[in-house]
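The structure appears below as structure tokens.
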Protein chains: 2
Amino acid sequence: MRVVVARCQVDYAGRLTAHLPMATRLLILKADGSVLVHSDGGSYKPLNWMSPPCTVREGTTEDGRVEWTVTAKAAKGATPDTLRILIDELLHDSSHDLGVDPGLQKDGVEKHLQELLAEHPGTLQEGLTLVRREFPTAIGPVDLMCRDITGISVAVEIKRRGEIDGVEQLTRYLELLNRDPLLTGKGRVRGIFAAQEIKPQARVLAEDRGIACAVVDYDALRGLDNAEDRLF
Amino acid sequence: MRVVVARCQVDYAGRLTAHLPMATRLLILKADGSVLVHSDGGSYKPLNWMSPPCTVREGTTEDGRVEWTVTAKAAKGATPDTLRILIDELLHDSSHDLGVDPGLQKDGVEKHLQELLAEHPGTLQEGLTLVRREFPTAIGPVDLMCRDITGISVAVEIKRRGEIDGVEQLTRYLELLNRDPLLTGKGRVRGIFAAQEIKPQARVLAEDRGIACAVVDYDALRGLDNAEDRLF
DNA sequence: TTTTGCATCTCGCCC
DNA sequence: GGGCGAGGTGCAAAA
């Protein structure tokens, strides 16, 4: 990895064109050829960049300044994306051998929430029992298929943040599920939209379509789980 | 901006928990307190990070190693996100004054496509004329509201890539627009789904709902525009 | 391999 | 400040 601080000007041409006027920035050249251009603010997104696979060519302009030309591997029949970095003044330049990174270990995303709710469907609605997780349909799997105390089927869609498109998704599932006589024997399939946070518009749309909303407390669910673990 | 290369171990606790085992990485501390942890590969996304606003506190562990604790500004009533970086060996450490960045100038995204189609609605369908761009409705603006040769209103949704959620969006608009007697005078409002590329599933859904699909040639439209410029 | 859907998404616009 | 849509989205699991 090469780390450079330089006064530079950057031009990108590809799916869009973008231009960065001359200013001091941090330039990172990774081992795979990818390049990042960072300023001293903003979030993790660089001002400009080139994703791998790509190649960097170091050249010199007519007036003797260094210019890097980063070229992406061209897609079939298209002009490849290019990033031109014109360097006016080099303030720092160092290279480092980082080796291969062992990678990130994550925990606590939607899958985990689904596991916890599959273990404790009763927290969504009194008496609800699990039929199966990832219940397959022609347009994709329903997160949880359950049955309520009266035997009616209940489809549960789980999101971390409940927004309007999640309600649309559940609506499509319900439309399809309600054509299946095996599921509608005891009455029309109901829907529950479960999320750690449900946006107002999503709630309105869900209620308008007769879909129940359930706000899920992740920490409390994890607590339930740990409590049971201690019993066995 | 401080640039550090170090053998380090990183732990994040917040919306999820994540752990990075001890390895050599690039650490960037920006002027606003934000921190990025990069490996020598992947794209522009860091392995781990903390977004501003946040603060960094440099401390020492019992065994004498340096540890940075990055704490995000806490959301109301929630435990704040934290990032702990334990440094085993410092391989590089330098600070640089970058100043304020003048920022990125962009050109050529969806807005431009919308402008071009607003100029040339006839390329979507013979005889189509523009009523207005960003036609307001209660659930958001319709990209283009047009009228066809028979006087029927036509709502156009424009996407760079046409996927299923775009069809859903247009469907919601049409549902609403068709309740307005001012628009339905000459017949039900029709929909056109316009994109540079339309995914098969989106096409099927659109046709199932009586929505026409239009694949847009961005370069050809730009050509039309330039040709007209030359006439005046 | 391509497609699909989530993300500690980020970012910008408009209310 | 919150909501919503777009992104040169990135990313990984599934098909």
Side-chain angles (χ1 to χ4, degrees), chain A residues 12-18 34-37 41-52 54 70 72 75 78 80-83 103-104 106-114 134 136 139-141 143 157-161 163-166 168-169 195-204, chain B residues 10-18 34-37 41-52 54 70 72 75-76 78 80-83 103-104 106-114 134 136 138-141 143 157-161 163-166 168-169 172 195 199-202:
Chain A
Y12 167 77
R15 264 166 275 192
L16 58 76
T17 61
S34 60
V35 177
L36 314 186
V37 181
S43 195
Y44 67 67
K45 198 176 178 184
L47 291 167
N48 218 324
W49 72 94
M50 186 66 81
S51 305
C54 62
V70 190
D81 293 13
T82 56
L83 188 70
L104 188 66
K106 277 189 187 184
D107 183 27
V109 266
E110 184 190 308
K111 184 180 284 184
H112 195 198
L113 199 61
Q114 193 191 106
E134 302 284 346
I139 55 173
D143 287 340
E157 177 65 33
I158 303 165
K159 294 273 180 245
R160 198 172 64 79
R161 283 188 312 181
E163 295 177 12
I164 212 160
D165 56 340
E168 298 283 14
Q169 192 181 342
Q196 286 182 266
E197 176 199 354
I198 296 179
K199 294 284 168 81
Q201 292 207 356
R203 184 180 292 274
V204 169
Chain B
V10 184
D11 287 276
Y12 168 76
R15 269 166 274 192
L16 58 76
T17 61
S34 60
V35 178
L36 314 185
V37 181
S43 195
Y44 65 68
K45 196 177 177 183
L47 291 168
N48 217 324
W49 72 93
M50 185 67 79
S51 303
C54 62
V70 190
K76 45 174 184 180
D81 293 14
T82 57
L83 188 69
L104 188 66
K106 276 190 186 182
D107 184 27
V109 264
E110 184 194 307
K111 185 180 285 186
H112 196 198
L113 198 61
Q114 194 191 105
E134 301 285 348
I139 54 172
D143 287 341
E157 177 63 34
I158 302 165
K159 293 275 179 239
R160 199 170 62 79
R161 283 184 311 181
E163 294 176 14
I164 212 160
D165 56 341
E168 298 284 14
Q169 193 181 343
R172 286 198 301 274
K199 293 285 167 78
Q201 291 206 355

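We name chains A, B, ... by the order of the sequence lines, and we start the count at 1 in each one.
- Rounded to whole angstrom, the span from the CG atom of L36(A) across to the C1' atom of dT10(C) amounts to 15 Å.
- The distance from the CD atom of Q169(A) to the CD atom of E168(B) is 10.0 Å, given to the nearest 0.5 Å.
- The interatomic distance linking E134(A) (CD) with dC6(C) (P) rounds to 11 Å, in whole Å.
- Distance CG/L104(A) to CG/L16(B): 8.0 Å, rounded to 0.5 Å.
- Between Q169(A) atom CD and dT4(C) atom P the separation is 13 Å, expressed in whole Å.
- If you measure from atom NZ of K106(A) to atom P of dC6(C), you get 14 Å, rounded to the nearest angstrom.
- The shortest non-hydrogen separation linking S34(B) to G42(A) is OG-O, 3.9 Å.
- L104(B) has its CG atom 11 Å from the P atom of dC11(C), to the nearest Å.
- Between the P atom of dG3(D) and the CZ atom of R203(A) lies a distance of 12 Å, rounded to the nearest Å.
- Closest approach of V70(B) and C54(B) over heavy atoms only: CG1-SG, 3.9 Å.
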Tabulated below should be each protein N or O lying under 3.5 Å from an N or O of nucleotides 9-12 of chain D; please produce it.
| from | atom 1 | to | atom 2 | distance (Å) |
| --- | --- | --- | --- | --- |
| dT9(D) | OP1 | R15(A) | NH1 | 2.3 |
| dT9(D) | OP2 | R160(B) | NH2 | 2.4 |
| dG10(D) | OP1 | S51(A) | OG | 3.2 |
| dC11(D) | OP2 | S43(B) | N | 3.4 |

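- Heavy atoms of M50(A) sit under 4.0 angstrom from at least one base atom.
- Spacing between atom CD1 of I164(B) and atom P of dC6(C) amounts to 13 Å, rounded to whole angstrom units.
- A straight line from CD of Q114(A) to P of dA7(C) spans 12 Å, rounded to a whole angstrom.
- S51(B) is linked by a side-chain contact (heavy atoms from CB on, under 4.5 Å) to S43(A), W49(B), counting only residues two or more places apart in sequence or in another chain.
- Nearest heavy-atom pair across D143(A) and E157(A) is OD2-OE2, 3.2 Å.
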